[in-house]
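Reminder, nothing fancy here: chain letters follow the sequence lines and each chain counts from 1. Hydrogens, waters and symmetry mates play no part in the numbers below; they use all other heavy atoms, side chains included.
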Amino acid sequence: MPKDHGIGASSKRREDIRFLTGKGQYTDDINRPGQLYCHFLRSDVAHGRIAKLDTAAAAAMPGVVAIHTAQDLAAVGGVPCGWQVTDKNGEAMKEPKHPILAEGKVRHVGDPVAAILAESLEQAQDAAEAIELEIEELPAVVDMKAALSGESLVHDDVPGNLCFDWEFVQENKDAVAEAIAGAAHVTRLELVNNRLVANPMEPRAAIGEYDAARDEHTLWTTSQNPHVIRLLMGAFVLSIPEHKLRVVAPDVGGGFGSKIYHYAEEAYVTWAAKAVGRPVKWTASRSEAFLSDAQGRDHVTTIELALDAEHNFVALRCHTLANMGAYLSTFAPCIPTWLHGTLLAGNYRTPLIFTNVQAIFTNTVPVDAYRGAGRPEATFQLERVIDKAARELGLDPAELRRKNFIPPDAFPYQTPVAVQYDTGNYGATLDKALEMADAAGFAARKAESAARGKLRGFGLASYIEACGIAPSSLVGALGARAGLYEAATVRVNPTGSISVFTGSHSHGQGHETTFAQVVADMLGCDEGQVDIVHGDTNRVPFGMGTYGSRSLAVGGSAIVKSVEKIVAKAKKIAAHLLEAAEGDIQFADGQFTVAGTDNALGWGDVCLAAYVPHKYPIEELEPGLEETSFYDPANFTYPAGAYVCEVEVDPETGRVEVQNFVAADDFGNVVNPMIVEGQVHGGLAQGLGQALLENAVYDAEGQLASASYMDYAMPRAADFPSFAVDHSCVTPCTHNPLGVKGCGEAGAIGSPPALVNAVIDALSEHGVSHIDMPLTPTRVWEAIQAAKA
Amino acid sequence: MAQVSMTVNGKAVSGEVEGRTLLVEFLRTGLGLTGTHVGCDTSQCGACVVHIDGESVKACTVFAAAADGAEITTIEGMANADGTLSVLQQAFQDHHGLQCGFCTPGMVMSAADLLKTNPSPTEHEIRDWLEGNICRCTGYHNIVKAIQAAAATMSGQAQAAE
Ligand code: FES
Ligand code: FES
């Protein structure tokens with residue numbers, strides 16, 4: 001029977017009440033007394049030198065209080081990057097300055113050149129039009145292959161626009177080449193992982209405020225990790241010590257990675273609030289979001305898979321061009337490297353792997369993590385090349401995968417690409433997915449489609465991801481400039497209610513409910529007795545935030561550690577009150593009992609005694625009942641699964657219709673099944689959106705051609721059917737206390753290759769072997785025509 | 001500047017607006033009703049949907065001045081009189097039809113209008129109706145379920161009342 005509360009229950013989300021009644025508080029809902037409105041004048045060309053920038057006329061416009069340009073920010077640092085990749089020669093990546101406002105040059109459409117502060121937003125916008133800005137255009141660097149020629153340079157001091165040239169596993173380079181040269185069969189594929197715009201429905205916003213009497217700064221911002229923003233902005237940009245800088249990320253309307261990073265606008269409003277002595281508010285329009293939120297993916301890859309005569313994978317080699325955009329965003333360098341190269345073993349026993357990644361600067365918006373980040377790119381190329389190999393060799397794609405899966409008894413499994421998988425059972429999720437998708441009935445459905453002139457296809461993909469990001473010592477060795485632990489304080493109040501302060505940040509994930517379930521389960525109390533506090537650096541001791549499916553695996557583990565300390569201390573108090581030996585105290589269902597007796601104490605009695613320590617072991621124990629823990633994971637977690645997509649293609653129009661989509665995931669233990677399933681649904685829609693609809697297209701001049709919802713095809717309700725999801729195959733994580741793995745990114749990782757494989761299956765009779773995403777009707781129709789010709 | 005008066009969630013309100021002030025801005029900034037959201041600037045996302053004289057409308061497509069004299073309902077006016085969630089709102093919670101909550105006010109307002117005109121819509125009809133409401137979090141799966149469940153509850157209530 002499903003549980004009705006605690007771990008394993010589909011508890012309804014408490015946060016929904018405020019969202020359903022219009023009482024959420026997102027950053028743009030906040031207004032500060034006396035606030036000014038900020039509007040940024042942004043470059044409308046991709047690349048050029050600023051020849052003239054005259055703000056005098058604009059500054060005299062009604063309501064304008066100040067206009068700032070790079071000159072005013074001379075004492076302020078650039079936007080820092082949080083990860084340093086070392087290239088194949090042992091040299092540090094190129095890390096050109098990312099100024100808050102453009103200095104001398106503009107490097108992408110949307111690069112902010114000036115900031116206008118006015119009494120109203122309209123006045124600020126009107127004034128922007130009066131600024132005299134002349135830009136001498138330079139040739140835009142857009143195509144990555146062309147960028148390497150270095151004819152036009154995004155940064156004058158970065159030759160060939162090459163940020164780094166990375167090899168991994170470098171020692172394997174020759175062995176991989178030899179294995180490929182001598183293999184019975186080699187499958188090659190060139191593919192594009194299309195650029196995406198994250199598009200959380202809430203546009204970014206930021207409000208800066210300065211209290212001169214106390215010398216304190218406050219920033220309200222749409223962030224997935226307010227403490228990280230405090231650290232990056234305080235230490236590297238504005239030189240404000242932590243105790244003088246409060247960062248609040250209130251309700252945040254989705255992030256998907258794009259709200260991890262520290263952005264120039266946040267630093268500007270914080271700086272400007274002090275400069276002008278009034279609060280400063282900025283909210284992005286959607287058009288601005290398209291031109292300033294870090295974008296995702298954008299890899300061009302060649303992959304080769306070598307097989308022996310028995311169809312064992314013997315070697316894998318990849319070359320990737322990864323677009324960094326115009327500047328390095330916070331985590332950008334680690335996405336195509338350590339979150340990508342280390343996942344190239346996938347679910348398979350491939351013994352030899354080598355990848356070469358060249359990261360390129362272009363005159364486009366910066367690129368960074370987007371849901372999955374590096375892992376979708378790795379999974380896509382791997383699952384596509386395996387499918388192509390199966391087709392070339394006339395094998396069942398499921399059987400070829402099964403043959404090469406890491407077997408369930410091989411865990412822990414050391415891959416050749418640095419990571420060690422703790423647990424998994426890939427065959428189980430594949431079996432489950434095929435059963436749910438009624439693979440056996442496909443032939444009949446295909447015949448029925450054919451009778452209507454339609455082409456039906458069945459595609460599958462396995463995936464693995466590294467989540468629960470991340471062991472600090474490991475990521476430190478790989479170039480991270482921060483630790484990736486999580487912090488939590490559990491405060492038991494005098495009457496027994498519990499306040500939990502977590503460094504994880506919820507922007508749709510439902511932490512307020514899930515974390516309360518965990519704590520209530522451990523303490524045997526009502527979930528309603530537990531309050532979850534997040535998103536404010538003045539209330540939460542520390543935190544690294546939410547991304548990389550880390551909140552429950554890392555943030556939840558920190559909470560568990562604190563609750564364990566609470567229970568240990570409470571037992572000591574109970575032993576004293578019950579006049580029993582501490583070792584005889586048992587705690588269950590919110591009751592302290594003495595083993596072998598019927599002496600018992602309630603939770604509330606012990607909590608009260610901690611704060612009213614009249615009868616209390618004061619020589620041994622401090623009063624109070626509050627514990628803080630930092631949890632640094634021993635390893636990543638490795639969620640895995642198998643996805644099946646069934647499509648129908650209309651050969652006359654090229655239109656692809658998703659008929660059925662099945663996801664069988666192994667997330668380890670699950671705290672709230674309802675929330676987990678919702679995370680998968682959302683991930684699937686984003687992955688299928690990438691595969692079918694979405695594309696950030698830049699023209700040769702560096703203009704983003706798909707810069708609004710008129711041109712960027714966001715998935716809508718009618719684009720997909722309902723999904724069939726399952727998480728009953730469970731191999732618990734072995735190294736965190738809850739045995740959980742994370743579920744936020746899986747859907748976006750496994751679904752693109754499943755869909756593309758299904759379409760290629762449908763078109764195989766026409767001889768089509770690959771189409772690059774998104775599989776729009778035009779592309780599909782053209783592929784059919786090209787194959788016919 | 002022009003003076004506008006309208007009824008919002010049953011209360012008479014008035015204020016000064018510029019000719020270019022959109023209804024959504026007047027609701028959010030003028031009246032402090034921040035439940036109605038702005039998710040785009042091309043009238044595509046539906047985060048701003050309210051009811052004007054009983055019909056769902058994107059409040060970013062209407063000037064505040066043009067709503068002079070109208071009856072407006074926003075998400076803040078959707079709960080039952082005693083403050084509990086309405087059947088539709090409750091169905092969104094029961095079926096996990098929201099995650100970050102940003103699209104939610106618009107979704108609820110759109111869905112309420114659908115159920116008024118079509119009390120038992122099919123999945124297909126629901127998905128078609130939501131064409132103008134974008135959600136980035138839920139994949140729509142649970143939004144559809146919530147609306148279907150609300151329809152079932154409402155028609156059960158209607159039958160019981162007959
Ligand atoms: S704000 Fe997007 S449709 Fe109105
Ligand atoms: S719940 Fe986040 S956009 Fe719909």
Side-chain angles (χ1 to χ4, degrees), chain A residues 10 12-13 15-26 28-31 122 198-203 251-256 283 285-288 506-510 674-675 677-686 688 708-710 714-723 725 747, chain B residues 18 20-21 25 28-29 32-45 47 74-79 83 85-86 88-90 92-105 108 123-124 126-145:
Chain A
S10 285
K12 291 178 199 171
R13 298 197 332 165
E15 42 274 82
D16 290 357
I17 305 297
R18 65 180 189 271
F19 296 142
L20 281 164
T21 53
K23 297 286 162 32
Q25 196 183 47
Y26 302 87
D28 187 56
D29 299 342
I30 297 169
N31 292 295
E122 291 75 13
N199 272 310
M201 292 318 298
E202 178 205 25
D251 287 328
V252 172
F256 316 112
T283 303
S285 67
R286 180 60 57 186
S287 299
E288 252 183 314
S506 183
H507 29 280
Q509 295 86 345
M674 175 192 82
I675 289 177
E677 287 161 20
Q679 288 292 307
V680 177
H681 297 153
L684 291 179
Q686 289 184 1
L688 294 174
S708 83
Y709 290 153
M710 319 282 275
M714 289 286 278
R716 310 226 178 195
D719 289 323
F720 310 121
S722 290
F723 307 119
V725 306
Chain B
E18 281 188 53
R20 61 180 164 178
T21 304
E25 289 165 30
R28 287 181 55 80
T29 314
L33 293 171
T34 55
T36 303
H37 294 155
V38 177
C40 74
D41 45 13
T42 52
S43 298
Q44 289 281 314
C45 77
T74 70
I75 188 69
E76 287 92 343
M78 291 300 278
L85 297 183
S86 66
L88 180 59
Q89 289 167 314
Q90 188 60 56
F92 267 74
Q93 188 193 29
D94 290 349
H95 296 276
H96 191 27
L98 63 153
Q99 291 182 24
C100 78
F102 198 79
C103 73
T104 309
V108 170
E123 171 169 353
H124 189 79
I126 294 171
R127 287 181 180 273
D128 272 353
W129 178 266
L130 295 180
E131 209 258 314
N133 290 79
I134 304 178
C135 174
R136 192 54 150 171
C137 297
T138 63
Y140 305 99
H141 180 113
N142 284 338
I143 291 177
V144 173
K145 262 171 67 179

- request: Taking the side chain as every heavy atom from C-beta outward, state whether Arg136(B) and Met714(A) have any atom pair closer than 4.5 Å.
  value: yes
Gln679(A) versus chain B, the contacting section by heavy-atom distance below 4.5 Å: both
Part of Val144(B) lying under 4.5 Å from any heavy atom of chain A: neither
- prompt: Just by modelled atom types, is the Gly139(B) backbone N or O under 3.5 Å from a matching donor or acceptor in the His681(A) side chain?
  reply: no
query: Can you tell me how far the CD atom of Glu122(A) sits from the CD atom of Glu18(B), to the nearest 0.5 Å?
result: 5.5 Å
query: Arg716(A) and Leu130(B): side chain to side chain contact (heavy atoms under 4.5 Å, CB included), yes or no, with the steps?
result: CA-CA 8 Å; Arg716(A) 310 226 178 195; Leu130(B) 295 180; over 6 Å; no
message: Looking only at heavy atoms and a cut-off of under 4.5 Å, which of Asn31(A), Leu688(A), Asp28(A), Asp251(A) has the most pairs with chain B?
response: Asp28(A)
- line: With chain A, the option among Leu33(B), Thr29(B), Ile75(B) that has the most non-hydrogen atom pairs under 4.5 Å is Ile75(B)
- request: Specify the closest pair of heavy atoms between Asp94(B) and Lys12(A), including all atoms of both residues, with the distance to one decimal.
  value: OD1-NZ, 2.9 Å
field: Residue pair Phe102(B) / Tyr26(A): nearest heavy atoms and the distance that separates them
entry: N-OH, 3.4 Å
- prompt: Most heavy-atom pairs under 4.5 angstrom with chain B, which of His507(A), Gln686(A), Gln509(A)?
  reply: Gln686(A)
task: Measure the spacing between CE of Met78(B) and CG of Leu20(A) and express it to the nearest 0.5 Å.
output: 10.5 Å
field: Most chain B-contacting option - heavy-atom pairs closer than 4.5 Å, from Thr283(A), Asn199(A), Val680(A), Val252(A)
entry: Asn199(A)
Working for side chain to side chain contact (heavy atoms under 4.5 Å, CB included), residues Cys137(B) and Phe256(A): CA-CA 9 Å; Cys137(B) 297; Phe256(A) 316 112; 3.7 Å; yes
statement: Smallest heavy-atom separation, Met710(A) atom then Gln44(B) atom, equals SD-NE2, 3.2 Å
task: Could you tell me which of Ser10(A), Gly254(A), Gly255(A), Ser287(A) has the largest number of non-hydrogen atom pairs under 4.5 Å with chain B?
output: Ser287(A)
message: So which residue, Asp41(B), Asn133(B), Asp128(B), ends up with the most heavy-atom pairs under 4.5 Å with chain A?
response: Asp41(B)
message: Heavy-atom pairs under 4.5 Å with chain B - which of Ser708(A), Gly510(A), Pro715(A) has more of them than the others?
response: Pro715(A)
query: To the nearest 0.5 Å, what is the distance between SG (Cys45(B)) and CZ (Arg286(A))?
result: 7.0 Å
task: Of all the heavy-atom pairs spanning Gln93(B) and Ile17(A), show the shortest one and how long it is.
output: NE2-CD1, 3.9 Å
message: Looking at chain B, which one of Ala718(A), Gly683(A), Pro200(A), Gly24(A) has the largest number of heavy-atom pairs inside 4.5 Å, strictly under?
response: Ala718(A)
message: Taking Asp29(A) first and then Arg28(B), would you say they form a salt bridge - that is, a charged N and a carboxylate O separated by under 4.0 Å?
response: yes
field: From CA spacing to verdict: side chain to side chain contact (heavy atoms under 4.5 Å, CB included), Ser722(A), Glu123(B)
entry: CA-CA 9 Å; Ser722(A) 290; Glu123(B) 171 169 353; 3.0 Å; yes
message: Please rank Ile134(B), Ile143(B), Thr42(B), Asn142(B) by heavy-atom pairs under 4.5 Å with chain A and give me the top one.
response: Ile134(B)
message: Can you tell me which of Gly35(B), Gly101(B), Cys135(B), Gly39(B) forms the most heavy-atom pairs within a distance under 4.5 Å of chain A?
response: Gly39(B)
query: Taking His124(B), His95(B), His37(B) one by one, which has the highest count of heavy-atom pairs under 4.5 Å against chain A?
result: His37(B)
message: Determine whether Leu98(B) and Arg13(A) satisfy the following criterion, side chain to side chain contact (heavy atoms under 4.5 Å, CB included), listing intermediate values before the conclusion.
response: CA-CA 9 Å; Leu98(B) 63 153; Arg13(A) 298 197 332 165; 4.1 Å; yes
statement: Distance col, row His141(B):NE2 vs Phe720(A):CZ, nearest 0.5 angstrom, shows 14.0 Å
field: Heavy-atom closest pair, residues Pro203(A) and Val38(B)
entry: CD-O, 3.6 Å
